[in-house]
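Contents: one structure, followed by commentary.
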Amino acid sequence: FAYEAEPVLAAADMAVVVAEADEKKLPALQLALRRLDDLGIPHVLFLNKIDKANAGVRETLKLLQTVSKTPMLLRQIPIWQNGIATGFIDLALERAFVYREHAPSEMIPLAGDDAAREVEARYSMLERLADHDDELMEQLLTDIAPPKDEVFDDLAADLREGLVMPVFIGAAERGNGVTRLLKAIRHEGPDATVTAKRLGVGGGTVAQVLKTIHTSHAGKLSVSRIFGGTIADGAEILLPDGRSERISGMHAMLGISQKKIANATAGETVALGKLDHALTGQTLSAGKAAAKQLAVTPPPVPANDN
């Protein structure tokens, strides 16, 4: 699915890389992380199957760090009971949670050995953040506890600038850790305006075609991410070669479901109908001149039959 992913990556705000502690999977993980680094896409790591892990999280990260140019930043540590991860401690929130199968985690008091482990791991996290924040470094050197709001600001800024790769833990099959991951994406991840700036999008209406699909009812649909301006059904769109086409039908999509809409604005991903000459990976625009191409998706190399 690498070729399917390329046009989507070109318009992504950030990526979540799902990995586990398995040396045999490191080569594939390295390819994914290297591609994200090359494209400058902020990303987080979700360390999955923590309920079946044999090695400690820190040992696992030392193994995974060998295939990543971006420093990994541990955001959570597991709570162990009889050798099984039964919950986690959020180092930014300084709170402990126990897993509930297919239900939200439950907050519990942070005490005993877990509290001591939290202090050590949190300090390591803050030290890494202080590499890019002189004020935080001064606070650590003078034993001043930094305000949580400032810590979250640093976490968000370093993620968006690609300076760190935050690491979250969980067991996706049971739903453990997924809600906390989604909250981090919502509050700390970049939005479309940040992505547009990273891609060098200028003013005006600009969109990127992520995927082309053909349906029995609506015909050809160009699934596109909008980075600037507003696109309305029936509007004329410029292709990279300067040709113009008129949108005939605009849809918000959720899986296979389609809902017809009249217009869409920056940040939204919509399906534009009947753009006969638009291709996956192309940049669309409105105005007198075509916008610059945001990304070029090379065609897949055919297999050698010999």
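Numbering of residues begins at 1 and proceeds along the displayed sequence.
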Please answer: with hydrophobic residues joined when any side-chain heavy atoms are less than 4.5 Å apart, are [X] and [Y] in the same cluster?
X	Y	answer
L238	V209	no
L63	V67	yes
V206	L210	no
V151	L110	yes
I41	L64	yes

Could you go through the side chain to side chain contact (heavy atoms under 4.5 Å, CB included) check for V44 and V167 one step at a time?
CA-CA 6 Å; V44 304; V167 178; over 6 Å; no
How far apart are the C-alpha atoms of L93 and R180, what are their side-chain angles, what is the distance that settles it, and do they pass the side chain to side chain contact (heavy atoms under 4.5 Å, CB included) test?
CA-CA 11 Å; L93 288 173; R180 182 59 54 185; 3.2 Å; yes
Within a strict 4.5 Å, meaning less than it, do heavy atoms of the [X] and [Y] side chains meet?
X	Y	value
L239	L279	no
K49	D22	no
I84	Q81	no
M253	I213	yes
T193	F227	no
E245	E236	no
F168	L47	no
I261	H251	no

What distance separates [X] [atom1] from [Y] [atom2], expressed to the nearest 0.5 Å?
X	Y	atom1	atom2	value
T283	L294	OG1	CG	3.5 Å
L74	I169	CG	CD1	7.5 Å
Q139	L126	CD	CG	9.5 Å
Q76	I89	CD	CD1	10.5 Å
N176	L181	CG	CG	12.5 Å
I79	D113	CD1	CG	12.0 Å

When you measure from the side chain of [X] to the backbone of [Y], do you find a donor-acceptor pair of N or O atoms at a distance under 3.5 Å?
X	Y	answer
S224	A207	no
Q65	M72	yes
S285	A291	yes
H277	L275	no
R35	E6	no

Between [X] and [Y], what is the shortest heavy-atom contact and its length?
X	Y	result
P78	I50	CB-CG1, 4.5 Å
N48	A172	OD1-N, 2.8 Å
R160	P42	O-CG, 3.5 Å
A12	T195	O-CG2, 3.6 Å
L272	L284	CD1-CD1, 4.0 Å
Q293	P240	OE1-CG, 3.4 Å

For [Y], is there an ion pair with [X] - N to carboxylate O distance below 4.0 angstrom?
X	Y	answer
R225	D13	yes
R174	D51	yes
E127	R122	no
D114	R117	yes
R75	E188	yes

Count the heavy atoms of every other residue, nucleotide or ligand shown that sit under 6.0 Å from [atom1] of [X], and state whether that count exceeds 12.
X	atom1	result
I144	CD1	yes
K220	NZ	yes
K148	NZ	yes
E138	CD	no
D276	CG	yes
E101	CD	yes

With E4 via salt bridge (charged side-chain N to carboxylate O under 4.0 Å, His left out) - residues at least two apart
K211
Kindly determine whether S222 and T212 satisfy side chain to side chain donor-acceptor pair (under 3.5 Å), including the steps that lead there.
CA-CA 5 Å; S222 301; T212 302; 4.7 Å; no
Mind checking ring-ring contact (aromatic ring centres under 6.0 Å, His included) for Y99 and listing every partner two or more places apart, or none if nothing turns up?
F88
Quick one: do the T70 and D37 side chains pair a donor with an acceptor below 3.5 Å?
yes
Full working for side chain to side chain contact (heavy atoms under 4.5 Å, CB included) between V223 and V270:
CA-CA 6 Å; V223 182; V270 294; over 6 Å; no
Begin from the C-alpha positions of S68 and M165 and carry the test side chain to side chain contact (heavy atoms under 4.5 Å, CB included) through to its verdict.
CA-CA 9 Å; S68 172; M165 185 196 328; 3.1 Å; yes
